[in-house]
Amino acid sequence: MMNAMTDQTLVIALTKGRILDEVLPLLAQAGVMPTEDLNKSRKLIFDSNLPNVRLMVIRGSDVPTYVELGSADIGIAGKDMILEYGSRGFYEPLDLKIARCRLMTAAPVGATLDAPRLRVASKFVNVAKQYFSEQGRQVDIIKLNGALELAPIMGLSDCIVDIVDTGNTLRANGLEPREMIAEVSTRVIVNRASMKIKHALVQSLLTRLERAVG
Ligand code: AMP
């Protein structure tokens, strides 16, 4: 079994997709470069220019799992994924300040959300549950995996909890942003044991990334 904690190598779990394109230049500035083009390969684990650093490319929602359980020492993931994962089983030492957006509620333009029990569609079911319970509001959460904007239009839900950047996606679907839940940006997370056992390696990478962020 592969276990990142048993030796002095670092496994870094990267989020595939839009975050990757913004993270790779920062990693390069920090001195870590994959030895092949991550976007052109179907591989999931890659060597880097550093003999003791390997890179994994996985879904953002899986990054916290790999890091908490120690199969990756370091993870790079959106705060939205970290909030949805919900555990505090790893450190979150650095904000890379990229892929910024907001987690918000959104509803059809002008709609009054006064039903005694709101129906809320989201991929972020834990975030949504926690937010509405803090507000003391009764909700039924409907889990969807994509195209959330369709849910209110098709009468599946009263509102949604989703990522908003420019707001164009909402507007194009007759929705408007309503309540702000959290500011999102890309974070570096570190396995608790790796932080101790591989302290020098981890700390040196964090320092170089911090400088790259500026
Ligand atoms: P926008 O139309 O600019 O508000 O972008 C909204 C859509 O883009 C959302 O539904 C998300 O799926 C996606 N999106 C925008 N920014 C991010 C981000 N930083 N991380 C993940 N998804 C994003």
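Just follow the structure's listing: the first ligand is 1, and inside any ligand the first atom is 1. Reckoned from all heavy atoms, side chains included, excluding hydrogens, waters and symmetry mates.
For the side-chain contact (heavy atoms from CB on, under 4.5 Å) criterion with Leu55, the lone passing option out of Val32, Thr35, Ile74 is Val32.
Val161 is listed as a side-chain neighbour of Ile181, based on a closest heavy-atom distance under 4.5 Å.
Geometric assessment of Arg192 against the ring of Tyr91 yields a positive cation-pi assignment under the 6.0 Å and 45° thresholds.
Residue pairs meeting the salt bridge (Lys or Arg N to Asp or Glu O under 4.0 Å) criterion with at least one member in residues 167-178, sequence neighbours excluded, are Glu176-Arg178.
For Lys129, the salt bridge (Lys or Arg N to Asp or Glu O under 4.0 Å) test picks out no residue, with sequence neighbours left out. Residues satisfying the salt bridge (Lys or Arg N to Asp or Glu O under 4.0 Å) criterion with Asp21, sequence neighbours excluded, are absent altogether.
Within 4.0 Å of ligand 1, protein heavy atoms belong to Arg18, Ala99, Cys101, Glu149, Asp162, Ile163, Val164, Asp165, Thr166, Gly167, Asn168, Thr169, listed by chain and number.
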